[in-house]
Amino acid sequence: MNAMPKVLVVDNGERAPDGALSAELAGMGYASVTTPFEAADDVLALIPSPAAVVLQMPRQAGWAERRRFMELASRLRKNLAESGTPVIITGGVNGAATMLQNQLSMHAVAAPDL
């Protein structure tokens, strides 16, 4: 099994080529899976112990969409609290990788799968 730490990125499904976190995450040594909001729970079930979950909220999100992302973040934080998996909300690509790096530096890195 791939020992690379995995990050789940959740967005609204509208992906601009310059808005992808995957290249930044790969450069930091993370494998990433990007999924639309509606599939987040299903994809999370397939990633047994992600290094982090990043909710990539659109910068121009309206109130309803922001609320939906905030509610998901709250639920995921509660569900992932025991494992210590950080749930990070970002409003775009800029700064998201730095936020992730700062959050993960506070957590012990899991041992590779043997």
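Note that this is a predicted model, so its numbers are computed, not measured.
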Chi angles and distances behind the side chain to side chain contact (heavy atoms under 4.5 Å, CB included) call for V9, L25: CA-CA 10 Å; V9 179; L25 292 169; 3.8 Å; yes
message: For V53 and V7: C-alpha separation, side-chain torsions, deciding distance, then whether side chain to side chain contact (heavy atoms under 4.5 Å, CB included) applies.
response: CA-CA 6 Å; V53 176; V7 174; over 6 Å; no
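Every pair passing salt bridge (Lys or Arg N to Asp or Glu O under 4.0 Å) that includes a residue from residues 40-52 is listed here, sequence neighbours excluded: D41-R75. For residues 52-78, the pairs satisfying ring-ring contact (aromatic ring centres under 6.0 Å, His included) are F37-F69, with sequence neighbours left out.
The OG1 atom of T85 lies 10.5 Å from the CG atom of N79; values are rounded to the nearest 0.5 Å. In this structure, CZ in R66 is found 8.5 Å from CD in Q60, a value given to the nearest 0.5 Å. In this structure, CE on M57 lies 5.5 Å from CD1 on I89, to the nearest 0.5 angstrom. In this structure, the separation between OG1 on T35 and CG on L44 is 10.0 Å, given to the nearest 0.5 Å.
For R67, the side-chain hydrogen bond (donor to acceptor under 3.5 Å, both in side chains) criterion is met by E71, not counting sequence neighbours. Contacts of E38 classified as side-chain hydrogen bond (donor to acceptor under 3.5 Å, both in side chains), with partners at least two apart in sequence or in another chain: R68. With sequence neighbours excluded, the residues forming a side chain to side chain contact (heavy atoms under 4.5 Å, CB included) with I47 are K6, L8, V33, V43, P50, listed by chain and number.
Heavy-atom minimum distance, G13 versus P36: CA-CB, 4.1 Å. Shortest non-hydrogen contact noted between G29 and M4 is O-CG, 3.5 Å.
Proximity of V54 to V10: side-chain heavy atoms (C-beta onward) are nowhere separated by under 4.5 Å. For the pair L55 and V87, the minimum side-chain heavy-atom distance is below 4.5 Å.
R77 places no side-chain N or O within 3.5 Å of a backbone atom of P86 that could act as its donor or acceptor partner.
Note: the hydrophobic cluster containing L76 does not contain L46 (ILVMFWY, side chain heavy atoms under 4.5 Å, direct or indirect links).
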